[in-house]
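Computed over heavy atoms, backbone and side chain alike; hydrogens, waters and symmetry mates excluded.
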Amino acid sequence: MVAKELLGKFLVRRVGKKTIVGMITEVEAYVGPDDKASHASRGKTPRTKVMFGRAGYWYVYLVYGMHHCLNIVTEKESYPAAILIRSVHSVSGPGRVSKYFHIDKKLSERSSSRASGLWIEDRGVRDVKIKSGKRIGVDYAGRWKHKPWRLTLEQHRDKKNHPIV
DNA sequence: GGAGTGATGACA
DNA sequence: GTCATCACTCCA
């Protein structure tokens, strides 16, 4: 799954002359039309249609009237799936990540690229140790709430081969 | 544990 | 048009 590949990658934001960077440390996968935890399980709607599109596009939405959540669309066209970026190194929680990177829903349906001002870079982090667990905040999702689709980066090695927690 | 907050989607 | 719900965060 693509979710694993995101851990240890860097999220890069360009806004004005400022660049904000952080390593992705926690993600959650929302996969397929039947995943009751996924917004896509209610079918294609104006908000979620981007999840049914091509991979590599941002899906950003507002929850609880105040927090934005950042997701990247994965999988093939017409098969809805996205990865929620829950944490970046030293920034915990999807709402706080969006605040830190100045992300709001204007970025939704943009592609992950320099042109959009928000993209992902591989900066050579390797030997990642990944832990999986249940997703957060999806108790309503019946049997889907048990899926171990939340992945956290436990440990990795930097460019000089030093372990980092 | 509980409030804040407003877009979204379902239904009429 | 109404209404309930919500992939969260903060404070007690």
Participant: Enumerate the protein-to-nucleotides 4-8 of chain C contacts in which both atoms are nitrogen or oxygen and the separation is below 3.5 Å.
Facilitator:
from: C:dA7; atom 1: OP1; to: A:His39; atom 2: NE2; distance (Å): 2.5
from: C:dA7; atom 1: OP2; to: A:Tyr140; atom 2: OH; distance (Å): 2.4
from: C:dA7; atom 1: N9; to: A:Tyr61; atom 2: OH; distance (Å): 3.2
from: C:dA7; atom 1: N7; to: A:Ala37; atom 2: O; distance (Å): 3.3
from: C:dA7; atom 1: N7; to: A:His39; atom 2: NE2; distance (Å): 3.0
from: C:dA7; atom 1: N1; to: A:Asn71; atom 2: OD1; distance (Å): 2.5
from: C:dA7; atom 1: N3; to: A:Tyr61; atom 2: OH; distance (Å): 3.0
from: C:dC8; atom 1: OP1; to: A:Arg86; atom 2: NH1; distance (Å): 3.3
from: C:dC8; atom 1: OP1; to: A:Arg86; atom 2: NH2; distance (Å): 3.4
from: C:dC8; atom 1: O3'; to: A:Gly95; atom 2: N; distance (Å): 3.3
from: C:dC8; atom 1: O2; to: A:His67; atom 2: NE2; distance (Å): 3.0

Participant: Looking at residues at least two apart in the chain, or sitting in another chain, which of them share a side-chain contact (heavy atoms from CB on, under 4.5 Å) with A:Leu62?
Facilitator: A:His68

Participant: Which pairs count as salt bridge (Lys or Arg N to Asp or Glu O under 4.0 Å) when at least one residue sits in residues 56-65 of chain A, sequence neighbours excluded?
Facilitator: none

Participant: Go through DNA chain C and write down every stem, that is, every run of at least three consecutive Watson-Crick or G-U wobble pairs with distances under 3.5 Å, as range with range.
Facilitator: B:1-4 with C:8-11, B:6-11 with C:1-6

Participant: Holding to ring pair (Phe, Tyr, Trp, His ring centres under 6.0 Å), I want the full list of residues that pass it with A:Tyr61, two or more places apart in sequence or in another chain.
Facilitator: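 Per chain and number, A:Tyr61 pairs via ring pair (Phe, Tyr, Trp, His ring centres under 6.0 Å) with A:His39, A:Tyr59.
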
Participant: Does any pair with a residue in residues 68-80 of chain A pass salt bridge (Lys or Arg N to Asp or Glu O under 4.0 Å), and if so which ones, sequence neighbours excluded?
Facilitator: none

Participant: Which donor-acceptor pairs under 3.5 Å do the side chains of residues 107-116 of chain A make with protein atoms, sequence neighbours left out?
Facilitator:
from: A:Ser108; atom 1: OG; to: A:Val60; atom 2: N; distance (Å): 3.0
from: A:Ser108; atom 1: OG; to: A:Val60; atom 2: O; distance (Å): 3.4
from: A:Glu109; atom 1: OE1; to: A:Lys49; atom 2: NZ; distance (Å): 3.3
from: A:Glu109; atom 1: OE2; to: A:Lys49; atom 2: NZ; distance (Å): 3.4
from: A:Ser111; atom 1: OG; to: A:Ser113; atom 2: OG; distance (Å): 3.3
from: A:Ser113; atom 1: OG; to: A:Ala115; atom 2: N; distance (Å): 3.4
from: A:Ser113; atom 1: OG; to: A:Ser116; atom 2: N; distance (Å): 3.4
from: A:Arg114; atom 1: NH2; to: A:Glu121; atom 2: OE2; distance (Å): 3.4
from: A:Ser116; atom 1: OG; to: A:Ser111; atom 2: O; distance (Å): 2.7
from: A:Ser116; atom 1: OG; to: A:Ser113; atom 2: O; distance (Å): 2.9
from: A:Ser116; atom 1: OG; to: A:Leu118; atom 2: N; distance (Å): 3.3
from: A:Ser116; atom 1: OG; to: A:Leu118; atom 2: O; distance (Å): 3.1

Participant: Say whether A:Thr45 and A:Thr48, considering side chains only, have a donor N or O and an acceptor N or O under 3.5 Å apart.
Facilitator: yes

Participant: Residues in side-chain contact (heavy atoms from CB on, under 4.5 Å) with A:Pro33, at least two apart?
Facilitator: A:Tyr79, A:Pro80

Participant: Of all residues at least two apart in sequence or in a different chain, which pass the side-chain contact (heavy atoms from CB on, under 4.5 Å) check with A:Lys4?
Facilitator: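 side-chain contact (heavy atoms from CB on, under 4.5 Å) check on A:Lys4 returns A:Ile130, A:Leu151.
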
Participant: Does anything in residues 136-151 of chain A form a side-chain hydrogen bond (donor to acceptor under 3.5 Å, both in side chains)? List the pairs, not counting sequence neighbours.
Facilitator: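 Residue pairs passing side-chain hydrogen bond (donor to acceptor under 3.5 Å, both in side chains), neighbours aside: A:Glu26-A:Arg150.
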
Participant: Mind checking what makes side-chain contact (heavy atoms from CB on, under 4.5 Å) contact with A:Tyr64, not counting sequence neighbours?
Facilitator: none

Participant: What range of DNA chain B does chain A touch, first nucleotide to last, counting atoms under 4.0 Å from its heavy atoms?
Facilitator: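 With heavy atoms of chain A under 4.0 Å away, the range is B:dG4 to B:dA10.
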
